[in-house]
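Taking it in order: structure first as structure tokens, then the write-up.
Remember, it's a predicted structure, so these values are computed and weren't measured experimentally.
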Amino acid sequence: KRSLAPKNIYKLSENKIKYWDNISKEIDWIKPYSVLYKKEKNGFSWFKDGKLNLCYNAIDRHLDKPDKSAIIFIPENPKEKKQVISYQKLFEMVNIAAGELIDKEIKKGDVVCIYLPLIPEAIAFMLACTRIGAIHSVVFSAYASDSLRTRIEDGKAKLLITADYYFRKGEKENLRKKADEACRGIKINKIILKRKDSGNILKSKQINFVKPEPMNSEDLAFILYTSGTTGKPKGVMHATAGYVVQSYASCKYIFNLKENEVIWCTSDIGWITGHTYACYGPLFNNATTLIYEGLPNYPTQERYLKIIEKNN
């Protein structure tokens with residue numbers, strides 16, 4: 001296989017500043033930066049005066065190939081049909097989701113907590129947040145209500161997006177109940193999706209285009225909490241431009257990911273691996289990402305191998 005990385009990539013990367021400068025030119029900027037890297041008293045900044053939009057780089061810039069598959073979704077129940085979502089369809093879903101966020105009075109800088117199973121709507125709402133400049137905080141759907149509550153309170157989330165249930169080992173897990181328990185006594189708006197309607201939730205005859213919000217490079221894109229195995233969970237804050245450039249480049253070079261290929265990162269989007277290699281990285285690279293709702297051994301041990309075989 002031909003490598004997408006230049007042969008002298010390690011030599012090029014010795015000058016780290018110039019290396020990232022070159023890669024950053026492969027993404028789309030609303031306003032190009034003039035200051036690439038700046039060391040400051042207690043840290044540093046990258047692409048400081050540049051402006052861009054994360055969602056635009058994931059979807060809009062690929063709409064010259066609207067029918068290309070963006071997401072393949074495999075439900076846990078083998079009898080439920082898989083969904084293949086094109087870049088055009090994903091674009092429409094994200095604009096509808098962004099409209100719903102705006103209807104809930106979510107604006108730039110507000111934190112939105114996403115507590116969903118690994119269904120396409122979870123990715124659509126992540127992208128909708130970054131489209132309007134809201135900050136998403138994704139919580140793994142198998143986490144208990146107290147873990148969700150900790151993250152809602154700490155991030156001061158204004159909206160919770162969740163579902164009524166999800167599947168684990170063929171059984172329906174009551175997600176709504178856990179979400180309700182977590183929110184007891186907290187003032188927070190909610191959007192509750194019906195799991196059985198996945199694929200038809202973000203549909204509308206009239207789609208209003210939501211303009212991507214120009215974000216400063218160092219604006220917050222999302223918060224993702226550590227699992228809390230060593231003390232209280234800590235909210236790790238990811239800045240917009242650095243995240244776009246790094247996830248685009250690492251997905252492209254580490255996996256040698258080409259536009260016509262399907263990538264399956266088996267991590268849930270509740271982890272940074274899932275954020276970067278199941279959601280954003282593949283889309284930045286105009287590839288197809290495969291997501292699977294359930295456990296690797298359901299209904300049989302060879303489920304993963306069958307998914308790989310059937311989806312190339």
Side-chain angles (χ1 to χ4, degrees), residues 54-55 58 93-94 96-166 173-195 198 201-202 210 213 215 219-228 232-240 243 267-276 278-280 291 293:
L54 195 153
C55 178
M93 288 171 69
V94 169
I96 293 165
E100 289 193 17
L101 295 177
I102 292 163
D103 288 346
K104 293 284 185 185
E105 298 182 350
I106 296 299
K107 57 192 183 300
K108 181 179 177 178
D110 288 343
V111 174
V112 174
C113 189
I114 297 173
Y115 186 52
L116 286 171
L118 195 46
I119 56 176
E121 288 77 12
I123 287 180
F125 272 107
M126 287 169 73
L127 287 157
C129 287
T130 56
R131 190 169 194 84
I132 67 168
I135 299 157
H136 61 65
S137 170
V138 179
V139 181
F140 180 40
S141 60
Y143 271 169
S145 56
D146 58 342
S147 296
L148 174 61
R149 187 182 183 91
T150 299
R151 288 156 176 79
I152 289 171
E153 287 181 327
D154 186 75
K156 299 179 177 61
K158 291 192 173 177
L159 176 68
L160 173 65
I161 302 167
T162 189
D164 49 1
Y165 66 85
Y166 63 92
E173 296 281 340
N174 191 335
L175 195 62
R176 172 84 190 261
K177 186 183 173 189
K178 289 198 291 183
D180 286 344
E181 283 171 8
C183 295
R184 199 168 289 148
I186 297 175
K187 192 182 175 187
I188 188 169
N189 273 330
K190 287 189 197 127
I191 292 175
I192 295 150
L193 310 182
K194 290 185 175 175
R195 167 61 190 85
S198 176
I201 295 167
L202 296 171
V210 177
E213 181 70 29
M215 302 294 285
D219 279 346
L220 200 51
F222 61 88
I223 302 170
L224 191 57
Y225 283 82
T226 58
S227 51
K232 196 180 170 190
K234 297 156 200 72
V236 181
M237 305 195 295
H238 295 262
T240 303
Y243 182 74
S267 169
D268 188 89
I269 51 164
W271 318 114
I272 190 62
T273 319
H275 272 53
T276 305
C279 178
Y280 290 119
I291 56 172
E293 177 185 27

Going from [atom1] on [X] to [atom2] on [Y], what distance comes out if it is rounded to the nearest 0.5 angstrom?
| X | Y | atom1 | atom2 | answer |
| --- | --- | --- | --- | --- |
| I161 | M126 | CD1 | CE | 11.0 Å |
| C55 | E213 | SG | CD | 12.0 Å |
| F222 | L220 | CZ | CG | 9.0 Å |
| Y225 | R151 | OH | CZ | 8.0 Å |
| I152 | L159 | CD1 | CG | 10.0 Å |
| L54 | T240 | CG | OG1 | 6.5 Å |

To check you understand the geometry: which heavy-atom pair defines the closest contact between [X] and [Y], and what is its length?
| X | Y | answer |
| --- | --- | --- |
| K232 | T226 | O-OG1, 4.4 Å |
| I291 | A278 | CG2-O, 4.3 Å |
| G133 | M215 | CA-SD, 3.6 Å |
| A134 | I106 | CB-CG2, 3.7 Å |
| C279 | I123 | SG-CG2, 3.8 Å |
| I96 | L202 | CD1-O, 3.3 Å |

Could you list the donor-acceptor pairs under 3.5 angstrom formed between side-chain atoms of residues 110-122 and any protein atom two or more places apart in sequence or on another chain?
residue : atom : partner : partner atom : Å
D110    : OD1  : K158    : NZ           : 3.1
D110    : OD2  : K107    : N            : 2.9
Y115    : OH   : Y143    : O            : 2.7
E121    : OE1  : S198    : OG           : 2.9
E121    : OE2  : G199    : N            : 2.8

Considering residues at least two apart in sequence or located in another chain, which fulfil the salt bridge (Lys or Arg N to Asp or Glu O under 4.0 Å) criterion with [X]?
| X | result |
| --- | --- |
| R149 | E153 |
| E293 | R195 |
| K194 | none |
| D180 | R176, K190 |

- Does NZ belonging to K156 count more than 12 external heavy atoms closer than 6.0 Å?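 Not more than 12 within 6.0 Å, no.
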- Task: Step through the shown structure and confirm whether more than 12 heavy atoms of other residues, nucleotides or ligands are within 6.0 Å of NZ on K177.
- Result: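 Check fails, neighbour count at 12 or below.
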- Message: Could you tell me if the side chain of L160 sits less than 4.5 Å from the side chain of L148, heavy atoms only?
- Response: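 A side-chain contact under 4.5 Å exists here.
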Can you list everything that forms a side-chain hydrogen bond (donor to acceptor under 3.5 Å, both in side chains) with [X]? Sequence neighbours excluded, please.
| X | answer |
| --- | --- |
| E173 | none |
| Y280 | H136 |
| Y165 | none |
| E100 | none |

- Message: Using the rule given for side chain to side chain contact (heavy atoms under 4.5 Å, CB included), can you reason through L175 versus S141, listing the C-alpha separation, both sets of side-chain angles and the distance that settles it, and then say yes or no?
- Response: CA-CA 7 Å; L175 195 62; S141 60; 4.1 Å; yes
- Task: Return the set of residues passing side-chain contact (heavy atoms from CB on, under 4.5 Å) with A128 (not counting sequence neighbours), or none when no residue passes.
- Result: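 Testing A128 for side-chain contact (heavy atoms from CB on, under 4.5 Å), a comparison that skips the adjacent residues, returns V94, A97, A98, L101.
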- Query: Please, which pairs that meet salt bridge (charged side-chain N to carboxylate O under 4.0 Å, His left out) have at least one residue in residues 131-144, sequence neighbours excluded?
  - Reply: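 Counting only pairs at least two positions apart or across chains, the salt bridge (charged side-chain N to carboxylate O under 4.0 Å, His left out) contacts touching residues 131-144 are D60-R131.
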- Query: Sequence neighbours excluded, which residues qualify as ring pair (Phe, Tyr, Trp, His ring centres under 6.0 Å) partners of F125?
  - Reply: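 Counting only residues at least two positions away or on another chain, F125 forms no ring pair (Phe, Tyr, Trp, His ring centres under 6.0 Å).
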